[in-house]
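Atoms considered below: every heavy atom in the structure, side chains included; atoms not considered: hydrogens, waters and symmetry mates.
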Amino acid sequence: MKFVSKLLILVFASTSLFAQTKKAEDFGYKHIKLKYNNDPVEILIKSKKGDEQKPKPLFLFCQGSMPMPLIKYDEIGEFGVFPFNPDSLSLYYHIVIIGKPFIPLICEAKSLRNDFTFIDSTGNFPQKYSERNFLDYYVNRNIEVIEYLQKQNWVDKDKLVVAGHSEGSTVAAKMAALYPKITQLIYASGNPMGRILSIIQENRLHESDTDSTRFAEFEIDYWNYVVKDKTSLDASQGDSYKATYDFSIPPINYLENLTIPVLVCYGTKDYSMPYNDYLRVDMIRKNKTNFSFKAYIGCEHNFFPIKSNGKPDYSVFNWNKVTQDWSNWLKK
C-alpha cells in the first residue's frame, strides 16, 4: 500500500498555536513539528542523552484515549510523557510519541481537569480534536510521521517497533496490518474484540442480581444508536459515534493475519481479559507461533494490582516491569 506524504516541515522555531513559557527541550525531548492534511502535528522523541544523532531504530508508542497534553508539569516538575520510564528502552531506540490533534503540547497541570484532559473556553474538548478523534485519522497520520522520520540520518531503518496501550493498541494493530515496514508489534491492554465489549463487560460486573441495575443493557441500547449513525462526529456527549464505532471494529481482524512478531500484554483483572484469553487460545489453535503473550496476574488496565476490596493498589507501579518485559522480548 502506497502512502503519499502530506507532511510539510514547519520552521522549528515557529510559534505554537498555544502560548508556552516552556519548551519540550526543557524536559529532555526533541520536538518536531509537522503537518498532516494541513493539521499541526506535535512529535516528541526521547533519546539517550548523547545519542540523539546516533542511528537507532524507532519505537513508536501510541498512547491511550482522551485529549491530554503530552507534557504536563507543576512547580515540582514533569508528570511524565509516557506511562513508563523510557530510559531503558532509549538505550536501543529513539522513542517517539505523537500528540493528540489540536491539543496543546505543554500545559501546567493546574490548567487541566483533574484527569489531565484539556478543555477549551466552552468547557468541552476542542471541536477540532473531536472531529479528528477516530481510528483512521490516527493510523494514517502516524504512518505519515514514520515515513518522514525514517528519512532522517539518525534513524536505523532495519527495525521499526510500534507499541500501543488501550485505545493506542487498536491504532498500533491497524498500523501493523497496513504498513509493512513495521517489524514488531506490542499490543498492550487492548480488547481484540473491540471497545464496545469492554464497555459492556465493565457494566456487567457492576450489575446486581436484580433487574434494577441494567447497566450493560443500556450500553447495548447505546450501541444500537452508534451503529445507526456510525459516521457522526458529534462529540457533545463524549466520544463521537464514529470514534466508538471505529474502535469497536474487532482488532482481531488486524491481528490474526500478521506474520511479524506480536507481543500481547494484559492484566487479568482488566475488563478486556476474557477477550485477550480468547485471542491467546485462538492463536494457539491456529498455530500462530509469531504471537507471544504476557498476562499480569491480578492486575488491572494500567497494570496496578487489585486489592481485596476491588480497588487498584497505586503504591505498586508495574509499568517499568512491563516495559522491561517488552525490552527482553524485543532482544529475542
Ring geometry between [Y] and [X] (parallel below 30°, tilted from 30 to 60°, perpendicular above 60°):
| X | Y | result |
| --- | --- | --- |
| H94 | W154 | perpendicular |
| F61 | W319 | perpendicular |
| Y314 | F304 | perpendicular |

### Query
Pick one: which of L185, V162, T183 meets side chain to side chain contact (heavy atoms under 4.5 Å, CB included) with I260?
L185
Short N-O contact, [X] and [Y], less than 4.0 angstrom:
| X | Y | answer |
| --- | --- | --- |
| R285 | D282 | yes |
| D239 | R195 | yes |
| K30 | E52 | no |
| D136 | K174 | yes |

### Task
Not counting sequence neighbours, list each pair that qualifies as a side chain to side chain donor-acceptor pair (under 3.5 Å) and has a residue in residues 57-72.
none
### Query
Going by the side chain to side chain donor-acceptor pair (under 3.5 Å) test, which pairs reach into residues 73-89, not counting sequence neighbours?
Y29-E78
### Query
Hey, mind stepping through F59 and Y92 against ring pair (Phe, Tyr, Trp, His ring centres under 6.0 Å) and telling me if it holds?
CA-CA 9 Å; F59 183 108; Y92 310 100; over 10 Å; no
## Note on the structure
Hits for side chain to side chain donor-acceptor pair (under 3.5 Å) against K46, two or more places apart or cross-chain, chain-then-number order -> none
Under 3.5 Å side-chain donor-acceptor pair for [X] and [Y]:
| X | Y | answer |
| --- | --- | --- |
| T122 | D120 | yes |
| N328 | Q324 | yes |
| D229 | Y245 | no |

#### Entry: Same cluster (ILVMFWY, side-chain, under 4.5 Å), F218 and Y271
no
### Cation over ring face, K294 and Y296, 6.0 Å, 45°
yes
### Query
Is the charged tip of K100 near the ring of Y138: under 6.0 Å from the six-membered ring centre and within 45° of its axis?
yes
